[in-house]
A.B. asks: 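Provided herewith is a single structure, encoded as structure tokens, for subsequent inquiry.
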Amino acid sequence: MIDLPRHNANFCAEHLLQLCRRQVDKAIHDHDMFAPDDRLLVAVSGGKDSLALWDILVEAGYRADGLYVGLGIGDYSDASGDHVRAFATERGLHLVEVDLREQYGYDIPTASRATRRVPCSACGMSKRHLFDKAAIDGGYDAVVTGHNLDDEAAVLLGNVLRWDVDHLARQAPVLPARAGFPRKAKPLVRLTERETAAWCLIRGIDYLVEECPIAAGNRHLHHKSVLNAIEEESPSSKSAFYLEFVDKMAPLLAGRSAADAGELTTCERCGAPTTSEVCAFCRLVATSAAHDPVPVELVLGGRGRR
Ligand code: SF4
Ligand code: ZN
């Protein structure tokens, strides 16, 4: 039995699976995320959310391949790659792999040092570019990611605290494809991390429990714990905070981000859409690949930020 106060109920294994399937199905249909015969590329990290998502989509009959990006974050990356490969092999699923060090000559700790960005900023930018590129190159209809309700509510809180209209305008559960960018969807936005962990447990999915060591102490985790404290006092306020934003505020902000307003041209090095001659990813690669490798220990304690 799993106790879920926000649903005011206890769930047995079979009903928990049913709840997860229904919530994902509702998210996909309410937001018109993708069609039954679309080809999907699921970004997987080896953690509970992305593996649960891949499993749920495949079980529901979607044509979903995995995409794993090796970030070079010490033992954490080695372990996350092992979990993803084992998951794909056991189920006979197709996995696309990209390794930053092998293919681009850098890793996240080195990029952080070389570009003087906080590690999560260098990481987020690298992942966004590589997810987009893999989806376009592979002819996929959408990139799907395992962001859950806890993630999205925490990001929303951070954006609201700064009234960051640019990021608020792009915080929708689905972003349509536009010039050179693939469609992006987050089918887990109606499920909490407790629910995705329960899905993995019941389905026998061996996920990596350890979180990225760079995440420790970052603002995103702090926002999560603030929301958890509110949720404790007042069950279902977290889902109301995020889902009511999606319902009532997101439509008012649609199309108001800087990226929507900017004129896009093509990166002269990689061909990706960009607002300058050379895209931010190619600039990051050039600076980072020229830098001596930096071990992850040297960037721990630096402020990670998602
Ligand atoms: Fe990347 Fe930061 Fe997430 Fe680690 S916590 S995987 S560095 S975005
Ligand atoms: Zn480029």
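Remember, it's 1-based here, ligands and their atoms both numbered in the order they're listed. Computation of the quantities below employed the complete heavy-atom set of this structure, encompassing side-chain atoms and omitting hydrogens, waters and symmetry-equivalent molecules.
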A.B. asks: How are the rings of Y106 and Y104 set relative to one another: parallel (under 30°), tilted (30 to 60°) or perpendicular (over 60°)?
C.D. replies: perpendicular
A.B. asks: Any N/O/S atom from C212 (main chain or side chain) under 2.8 Å of atom 1 (Fe) of ligand 1?
C.D. replies: no
A.B. asks: Under 4.0 Å, heavy-atom basis, I'd like to know which part of K127 is in contact with ligand 1: side chain, backbone, both or neither.
C.D. replies: side chain
A.B. asks: Establish, yes or no, whether the cationic atom of R91 lies under 6.0 Å from the six-membered ring centre of F87 and within 45° of the ring axis.
C.D. replies: yes
A.B. asks: Under 2.8 Å from atom 2 (Fe) of ligand 1, is there any N, O or S atom belonging to C123?
C.D. replies: no
A.B. asks: In a check of side chain to side chain contact (heavy atoms under 4.5 Å, CB included) between P187 and each of I28, T145, D25, V174, which one passes?
C.D. replies: I28
A.B. asks: Would you find more than 12 non-hydrogen atoms of other residues, nucleotides or ligands less than 6.0 Å from H15 atom NE2?
C.D. replies: no
A.B. asks: Show me which atoms of ligand 1 lie under 4.0 Å from any heavy atom of A215.
C.D. replies: 5 (S)
